[in-house]
Trainee: 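One structure follows; several queries about it will come next.
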Protein chains: 2
Amino acid sequence: MPDRRGYGEACAVAHALDAIGDRWALLVVRELRLGPKRYSDLQASLPGAGPNVLSRRLRELEESGVLRRRVLPPPAGARVYELTPWGAELEPVFRALARWGIGSPVPRRGRLSADSIMLGLRTFFDNEAATDPARRWTALYEFRLDQDVYRLRVVDGRIEELIRGDTGGAADVVVAGSSTAVQQALEGDIGSAVTITGDREALNRLLDAAGARV
Amino acid sequence: MPDRRGYGEACAVAHALDAIGDRWALLVVRELRLGPKRYSDLQASLPGAGPNVLSRRLRELEESGVLRRRVLPPPAGARVYELTPWGAELEPVFRALARWGIGSPVPRRGRLSADSIMLGLRTFFDNEAATDPARRWTALYEFRLDQDVYRLRVVDGRIEELIRGDTGGAADVVVAGSSTAVQQALEGDIGSAVTITGDREALNRLLDAAGARV
DNA sequence: CCGCATCCCCAAAGATACTG
DNA sequence: CAGTATCTTTGGGGATGCGG
C-alpha cells in the first residue's frame, strides 16, 4: 500500500507526479521560482487555495524534497519557503508545460500575476536567436508591477538573470504599472496605463524576442 | 466562474494543468504515447483508476483536445483512443518530468509496465551523443514484453522510431521476456530470465546510450 | 465480451473561523 | 503572521450491473 495516494509505479513520470502532481502543488512551486516567499505571500498569490490546502501542500512538498522552510536571519526573522536545488530543477518542466499550454485550442482567459508575467517573458524568450548577431544585445531592465519589483538582465541576447529586486537605479529601462495594465499591454492593448522610462528600443527588443507572449 | 475546477488563471502553466493536471490524466496520455488503445487496454494499464474516473478523464481530455475517440475500420470495428496532434506535443513535458523524477531523493519502487520500459529507454536515450562518430550506429530492435511487441529503430545513433508492432523478422536483435524480468535486467540483475537473440553488441550500445535507466 | 453508468464510501479540496 | 480546527462539498477508489 502506498504512503498517501501515490500511483505506486516505478515509472519516472508517475514518480514525478507523486511529488508535484497534487492539486496546487506545481503552482506553489511556480510561486517560488523567482525566490523565497512567506506563507502569506503564497496565500495572496494563490487566492483559490485555502490555508489548509496550502499548508498541507507545503508540508508534502517539503517531505518530498522539493522545497524547504528557512528562517531569515535577524532582524527579519521571517519564515520563508524556498526551492531546494532539486526543486529548482523543475525549470524544464515549467518550460515544457508553458510552451505546450500556449498552443491550447481552448483560449486562455483570466488575470496574470506579476510573477507569471515575468516568468512568461523568460519562458517564451527565444534564447536560440542569440546566434543571430543582429539580436545580440545587452541591457538591464527593471519592472515594477503592483508592489513587486523585478530585475531582468539580458547579456548578448540571452536572459542571464531574473530576480525579485530592484536595479539600484542602474536599469536601462524601467517599466511600471499595474500587473493588469502590463498584461493588457503585452496582449497588444497599446493604450493601457504603463509607464516606460529609458531605452524604449531595448524594451522592444525584449518583447520581440519573447514574441510578446507571457 | 471557471467551467469545472480550473485554476482560473491566464498563466500558460496553469492552463496546461487545467487540461492535464487532474489525477490520472497525464498517465492516460502516457498510455497512448506509443499508439492508440482501447478502453479495456487503458483500464488494464492503469489498475488504480476506477472505470468511472477513467471514462471521465477520457471525456475531459477529449473535450480539451488532447485525445480523440476513433472507430477502427471493419473488420476490427473497435473503439480506440488516440492522441491528437496537440496531445502528441506533450512529449517534451514527459521528457522533462521523467528526467526530473529520476533525480528524486526518495527512491522509486514498484513495477514498470511494458510501455513504461520502452518509453523509458527512449526518454533517457542520449540523442546528443550521436555527434560522437563512435556512437553512430544503426540497428533495428524488437522487444517482446509479456503480450506486447515493440519495434525500435536506431539510425546513426538516434532513435528514429518506437512503435507497438513487430519487425516482421527483420530485427537485428530480439529481446523477449516478462516485463518484470526485463525491468530487473535493466536494473542490473543480470541473472533474470530474458532471452536475447541476435546482435548482442547492438543491444549493449542501446542500453549504454540510455544509461540503462528506464 | 467491451464500454461504460451507477452506487456507495472515504479521502481530499474549498470555505470560514479561530488560535499560538 | 502563520498557520490549525472544523465543516461542507466534491472527487476518487472499488464493486457491481447493464446495454449494445
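As the structure is a prediction and not an experimental result, all values here were calculated from the model.
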Trainee: Output yes when Arg153(A) and Glu160(A) qualify as a salt bridge under the 4.0 Å nitrogen-oxygen rule, no when they do not.
Mentor: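 Answer for the salt bridge query: no.
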Trainee: Decide yes or no, distance alone: a donor-acceptor N/O pair under 3.5 angstrom between the base of dG13(D) and the side-chain of Asn52(B).
Mentor: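 Answer yes: a donor N or O sits under 3.5 Å from an acceptor.
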Trainee: To the side chain of Ser55(B), which of dG11(D), dA2(D), dA5(C) is closest?
Mentor: dA5(C)
Trainee: Do the side chains of Arg57(B) and Glu62(B) get close enough for a salt bridge, i.e. N-O under 4.0 angstrom?
Mentor: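 No, this pair does not count.
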Trainee: Side chain of Arg59(A), heavy atoms from C-beta onward: which of dC4(C), dT4(D), dG14(C) has the nearest atom to it?
Mentor: dT4(D)
Trainee: Is the shortest distance from a Lys or Arg side-chain nitrogen in Glu60(B) or Arg56(B) to a carboxylate oxygen in the other one below 4.0 Å?
Mentor: yes
Trainee: Between Glu91(A) and Arg122(A), is there a salt bridge with N-O shorter than 4.0 Å?
Mentor: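 Judged by the 4.0 Å cut-off on N to carboxylate O distance, Arg122(A) and Glu91(A) do form a salt bridge.
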Trainee: Select one nucleotide: of dG14(D), dG12(D), dG3(D), the one nearest the side-chain heavy atoms of Arg69(A).
Mentor: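 Closest of the options to the side chain of Arg69(A): dG3(D).
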Trainee: Which nucleotide in the list dG11(D), dA15(D), dA12(C) gets nearest to the side chain of Arg5(A)?
Mentor: dA12(C)
Trainee: If you pin Arg79(A) and Gly48(A) to their nearest nucleotides in DNA chain C, which one's is more 5'?
Mentor: Gly48(A)
Trainee: Using the C1' atoms of five pairs at each end, what's the angle between the two axes of the helix from dC1(C)-dG20(D) to dT19(C)-dA2(D), to 10 degrees?
Mentor: 30°
Trainee: I want to verify a distance call: between dG3(D), dG14(C), dC4(C), whose nearest atom is closest to the Tyr81(B) side chain?
Mentor: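 Ranking dG3(D), dG14(C), dC4(C) by closest atom to the Tyr81(B) side chain puts dC4(C) first.
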Trainee: Of all of residues 33-44 of chain B, which get a heavy atom below 4.0 angstrom from DNA chain C, listed by number?
Mentor: Arg38(B), Tyr39(B), Ser40(B)
Trainee: When you measure from the centre of the six-membered ring of Tyr7(B), is the NZ or CZ of Arg23(A) closer than 6.0 Å and no more than 45° off the axis?
Mentor: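 Cation-pi check for Arg23(A) and Tyr7(B): passes.
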Trainee: Is the closest basic N to carboxylate O distance between Glu142(B) and Arg151(B) below 4.0 Å?
Mentor: no
Trainee: Between Arg33(B) and Phe94(B), is NZ or CZ placed under 6.0 angstrom from the six-membered ring centre and within 45° of the ring axis?
Mentor: yes
Trainee: What's the shortest heavy-atom distance between Ala12(A) and Ile102(B), and which atoms?
Mentor: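 Scanning both residues, the minimum pair turns out to be CB-CD1, 4.1 Å.
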